[in-house]
Amino acid sequence: MILGTGIDLCEVARMRAKIQAPADEFVNQVFLPGEIAYCGTKRHPAEHFAARFAAKEAVVKALAGTGGVGSFWRDIEIMNEQDGRPVARLYGRAKELADAQGVRRVFVSLTHTRDLAAATAILEG
Ligand SMILES: CC(C)(COP(=O)(O)OP(=O)(O)OC[C@H]1O[C@@H](n2cnc3c(N)ncnc32)[C@H](O)[C@@H]1OP(=O)(O)O)[C@@H](O)C(=O)NCCC(=O)NCCS
C-alpha cells in the first residue's frame with residue numbers, strides 16, 4: 001500500500017555555491033559521510049549533492065506530519081545499490097515518524113542535468 005509521495009527540485013548552481021563556501025559547514029549539516037564520499041567521486045559533485053538534497057526534501061514531503069519538528073537532513077541518507085539505483089535509509093526522528101506511519105520501504109528516484117536536479121519519493125506500507 002502506498003502511504004505517501006513527495007517530489008522536489010533543486011538548482012545545481014545554488015547547490016554549487018553552498019557546497020563551496022563557507023568551509024564545509026553546509027555540507028556537513030546536510031549530508032552524511034557516505035553521501036559526501038559518493039558525490040566527491042563524481043566529475044560534477046554539485047549535481048549529485050543537489051539530487052540528494054531534492055531526494056531528502058521529497059522524503060520529508062512524503063512523510064506526513066514532519067512540519068515544524070526541526071531538521072531532518074542527516075536523518076535521511078541517499079545511497080546507491082551496486083547497480084546505481086538510489087536507496088533511502090532513515091534514522092532518528094525520520095525513522096520514528098516512518099515507523100509510526102507503518103512505512104516499510106522508501107523508494108526514491110533521482111535525475112540531474114547541469115542546471116537542475118529532481119527527485120521523487122514513494123513510501124510503501
Ligand atoms: C541509470 C540511467 C537510467 C541514468 O539515467 P541518466 O539519464 O544517465 O541520468 P539521470 O540524471 O536521469 O539519473 C542519474 C541517477 O539515476 C540513478 N540511477 C543510476 N542507476 C540506476 C538504476 N539502475 N536504476 C534506477 N536509477 C538509477 C542514480 O540515482 C543517478 O544519480 P546519482 O548518481 O546522483 O545517484 C541510465 O544511465 C541507464 O543506464 N539507462 C539505461 C539505458 C537504456 O536502456 N536506455 C534505453 C531506455 S528505453
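Read the numbers this way: they start at 1 and go in the same order the structure lists the ligands and their atoms. The figures here come from the full heavy-atom set of this structure, side chains too, leaving out hydrogens, waters and symmetry mates. All figures in this text were calculated on a predicted structure; none of them were measured in a lab.
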Looking only at protein heavy atoms, which one is nearest to atom 28 (C) of ligand 1, and how far off is it?
G84 O, 3.5 Å
What protein heavy atom is closest to atom 16 (O) of ligand 1, reported as residue, atom name and distance in Å?
L110 O, 3.6 Å
Look at atom 48 (S) of ligand 1 and say whether a protein heavy atom is found at less than 4.0 angstrom from it.
no
Atom 8 (O) of ligand 1: protein heavy atom closer than 4.0 Å?
no
Return the minimal non-hydrogen interatomic distance between A50 and M15, and the atom names on each side.
N-CG, 3.7 Å
Drop me the distance from M1's CE to L3's CG, to the nearest 0.5 angstrom.
5.5 Å
Got the closest protein heavy atom to atom 11 (O) of ligand 1, with its distance?
H112 N, 2.9 Å
Does the protein put a heavy atom less than 4.0 Å from atom 31 (O) of ligand 1?
yes
Return the residue, atom name and 0.1 Å-rounded distance of the protein heavy atom closest to atom 24 (N) of ligand 1.
R85 CG, 2.9 Å
Report the distance from atom CH2 of W73 to atom CD of E35, rounding to the nearest 0.5 Å.
11.0 Å
Beyond-backbone contact of V27 with I36, side-chain heavy atoms, under 4.5 angstrom:
yes
At less than 4.0 angstrom from any non-hydrogen atom of P86, what atoms of ligand 1 do you find?
17 (C), 26 (N), 27 (C), 29 (O)
For atom 22 (C) of ligand 1, is the nearest protein heavy atom closer than 4.0 Å?
yes
The reported gap from CZ in R52 to CE in M79 (rounded to nearest 0.5 angstrom) is 7.5 Å
Kindly indicate whether the side chain of V87, heavy atoms from C-beta on, has any atom under 4.5 Å from the side chain of N80.
no
The atoms of ligand 1 lying under 4.0 Å from a heavy atom of R52, numbered in the order shown, are 32 (P), 34 (O), 35 (O)
Single hit among D75, L97, V106 for side-chain contact (heavy atoms from CB on, under 4.5 Å) with L90
V106
Is any side-chain heavy atom of E47 closer than 4.5 Å to one of K42?
no
What's the shortest distance from atom 10 (P) of ligand 1 to any protein heavy atom, and which residue and atom give it?
T111 OG1, 3.6 Å
Return yes when at least one protein heavy atom is under 4.0 Å from atom 18 (N) of ligand 1, and no when none is.
yes
Point-to-point distance, once rounded to the nearest 0.5 Å, from NZ of K18 to CD of E11
11.5 Å
Under 4.0 angstrom from atom 13 (O) of ligand 1, is there any protein heavy atom?
yes
Protein heavy-atom contact under 4.0 Å for atom 35 (O) of ligand 1?
yes
Report the distance from atom CZ of F53 to atom CZ of F26, rounding to the nearest 0.5 Å.
5.0 Å
Contact bool for atom 41 (C) of ligand 1 (protein heavy atom, d < 4.0 Å)
no
To the nearest 0.5 angstrom, please state how far the CG atom of L9 sits from the CG atom of L116.
5.5 Å
Which ligand 1 atoms does H48 reach within 4.0 Å, using its non-hydrogen atoms?
32 (P), 33 (O), 34 (O)
Please tell me if the side chains of V59 and K56 come closer than 4.5 Å, counting only heavy atoms from C-beta onward.
no
What atoms in ligand 1 come closer than 4.0 Å to a heavy atom of N80?
28 (C), 29 (O), 35 (O)
So for ligand 1, is A51 a polar contact partner (N or O within less than 3.5 Å, distance only)?
no
Counting non-hydrogen protein atoms only, what is the nearest one to atom 33 (O) of ligand 1? Give residue, atom name and distance.
Y38 OH, 2.5 Å
